[in-house]
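Accompanying notes for the structure given below.
Numbers restart at 1 for each chain; the letters A, B, ... are given by sequence-line order, proteins then strands.
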Protein chains: 2
Amino acid sequence: MKYIDKLRNSGLRPTKQRLQICEVLFNTEKTFHFTINQLEQKIKDSIDNKISLATVYNTVHAFEKKGYLKQIPINSNQTYFDTNVTDHHHFYDLKDQKLIDLENSDVGPINIKKKINGKRIKSVEVLVKLED
Amino acid sequence: MKYIDKLRNSGLRPTKQRLQICEVLFNTEKTFHFTINQLEQKIKDSIDNKISLATVYNTVHAFEKKGYLKQIPINSNQTYFDTNVTDHHHFYDLKDQKLIDLENSDVGPINIKKKINGKRIKSVEVLVKLED
DNA sequence: CACTTATTTAGAATCATTATAAACTGGCTA
DNA sequence: TAGCCAGTTTATAATGATTCTAAATAAGTG
Ligand SMILES: [Mn+2]
Ligand SMILES: [Mn+2]
Ligand SMILES: [Zn+2]
Ligand SMILES: [Zn+2]
């Protein structure tokens with residue numbers, strides 16, 4: 001199975017719950033952005049058994065740690081995650097509270113001129129807020 | 001007084017509490033980043049009377065709405081604010097959980113090529129995560 | 001199967017933030 | 001200056017996302 005190896009290779013046991021969450025997160029045409037509550041709803045809509053909220057949190061954090069998900073820095077009372085783990089940026093529609101991907105080519109190269117002693121750059125993320 | 005006019009001109013009554021918070025926030029050499037709890041501590045350290053936590057929240061939100069403060073988009077359980085309301089960007093030191101200002105000149109112009117119908121760009125913020 | 005360790009789970013706890021509603025105050029007007 | 005009132009402050013409760021707990025269950029191993 002597609003996700004069994006992915007999980008085993010990461011040192012995560014391929015449990016029924018994790019495999020079902022993998023289907024919801026990764027067996028899609030397009031990548032997407034989500035909060036835990038939105039993911040919980042998606043899971044409810046697509047499987048018959050119940051997965052506890054604690055497991056959804058546990059799984060999302062495990063996947064994030066393994067690099068299969070990333071958090072998007074944004075001001076919201078809920079944490080946003082992204083199934084697109086490539087380097088890219090975001091529009092944030094303030095009215096609809098929706099994230100839209102901005103490819104690197106839509107933004108152009110960003111050259112950070114300032115250096116901090118003993119630190120290196122891990123990521124560069126651009127957030128473009130949109131209003132009507 | 002310096003802040004009385006500022007508040008009046010914004011349609012905010014210059015109350016004792018607001019004026020004291022203005023002193024803490026704006027009567028400084030350098031701008032700074034803070035969470036509500038950090039600000040609460042600063043207020044306690046610099047005034048004799050008590051200001052309720054609710055008033056600190058109310059005031060910070062009022063000042064943000066008037067453009068005297070801005071939120072910094074970052075993944076944290078607490079909201080970060082900035083007394084520097086000019087267009088600028090941030091380093092985020094993941095280890096020390098500290099924010100460092102990045103001036104526009106340190107980043108260079110950012111040209112967002114993608115357009116979203118009916119929306120206009122309100123702000124462009126760059127977050128550069130630093131690791132050791 | 002027997003055993004160990006990881007995982008799931010319901011529910012409680014945490015904690016930043018927001019809501020409530022009563023008391024208070026700044027500013028205007030008579 | 002007194003009186004009024006909308007705006008503000010305040011203690012406290014409520015909310016809600018997230019994390020914690022500890023017992024039950026499931027996966028891997030020999
Ligand atoms: Mn958060
Ligand atoms: Mn927040
Ligand atoms: Zn994205
Ligand atoms: Zn700043």
Side chains of residues 54-62 of chain B: which donor-acceptor pairs under 3.5 Å do they make with residues two or more places apart or in other chains?
{"residue": "B/T55", "atom": "OG1", "partner": "B/S52", "partner atom": "OG", "Å": "3.1"}
{"residue": "B/N58", "atom": "ND2", "partner": "B/A54", "partner atom": "O", "Å": "3.3"}
{"residue": "B/T59", "atom": "OG1", "partner": "B/T55", "partner atom": "O", "Å": "2.7"}
{"residue": "B/H61", "atom": "ND1", "partner": "B/Y57", "partner atom": "O", "Å": "3.3"}

OP1 or OP2 of C/dT17 under 4.0 Å from side-chain N/O of B/H61: no

Any A/N37 side-chain nitrogen or oxygen under 4.0 Å from OP1 or OP2 of D/dA17: yes

Among C/dT25, C/dT17, D/dA27, the nucleotide that comes nearest once only the side chain of B/R13 is considered: C/dT25

Cluster companions of A/L99 among Ile, Leu, Val, Met, Phe, Trp, Tyr (side-chain spacing under 4.5 Å): A/I72, A/I74, A/Y80, A/Y92, A/L94, A/L127

Spacing of B/E40 atom CD relative to C/dC15 atom C1', expressed in whole Å: 13 Å

Qualifying residues under side chain to side chain donor-acceptor pair (under 3.5 Å), relative to A/D82, sequence neighbours excluded: A/H33, A/H88, A/H90

Along DNA chain C (nearest heavy atom to each residue), the more 5'-positioned of A/G11 and B/I4: A/G11

Pairs touching residues 121-132 of chain A that satisfy salt bridge (charged side-chain N to carboxylate O under 4.0 Å, His left out), sequence neighbours left out: A/K95-A/D132, A/E125-B/K129, A/K129-B/E125, A/E131-B/R120, A/D132-B/K119

Salt bridge (charged side-chain N to carboxylate O under 4.0 Å, His left out) contacts in which one or both residues fall within residues 1-11 of chain A, not counting sequence neighbours: none

Rounded distance (Å) that lies between atom C1' of C/dA16 and atom CD of B/Q71: 13 Å

D/dA17 OP1/OP2 closer than 4.0 Å to side-chain N/O of A/T35: no

Rounded distance in Å - NZ (A/K66) to P (C/dA6): 12 Å

Any residue of residues 15-27 of chain A with a heavy atom less than 4.0 Å from an atom of DNA chain C: A/T15, A/Q17, A/R18

Spacing between A/N77 atom CG and C/dA19 atom C1', to the nearest angstrom: 15 Å

Between P of C/dT17 and CZ of B/F34, the distance in whole Å: 11 Å

Sequence-distant partners of A/Q20, side chain to side chain donor-acceptor pair (under 3.5 Å), two or more places apart: A/N49

B/D101: salt bridge (Lys or Arg N to Asp or Glu O under 4.0 Å) partners, not counting sequence neighbours: none

Integer-rounded Å distance: C/dT8 C1' and A/I47 CD1: 13 Å

Interatomic spacing from CD in B/Q17 to CD1 in B/I47 - rounded to 0.5 Å: 8.0 Å

B/Y80 OH - C/dA16 C1' separation (whole Å): 13 Å

N/O (side chain, A/R8) to phosphate O (OP1/OP2, D/dG28) under 4.0 Å: yes

Whole angstrom value for the distance that separates C1' of C/dT17 from CG of A/N75: 14 Å

Angle between terminal axes - the helix from C/dC1-D/dG30 to C/dA30-D/dT1, 5 pairs each end, rounded to 10°: 30°

Heavy-atom check, side chain of A/F32 versus side chain of A/F81, under 4.5 Å: no

A/V85: hydrophobic cluster co-members (side-chain, 4.5 Å): none

Full working for side chain to side chain contact (heavy atoms under 4.5 Å, CB included) between A/I112 and B/F91: CA-CA 10 Å; A/I112 308 297; B/F91 278 129; 3.8 Å; yes

Interface residues of residues 49-57 of chain A with DNA chain C (non-hydrogen, below 4.0 angstrom): A/K50, A/I51, A/S52, A/A54, A/T55

Contacts of type ring-ring contact (aromatic ring centres under 6.0 Å, His included), residue B/Y68, not counting sequence neighbours: none

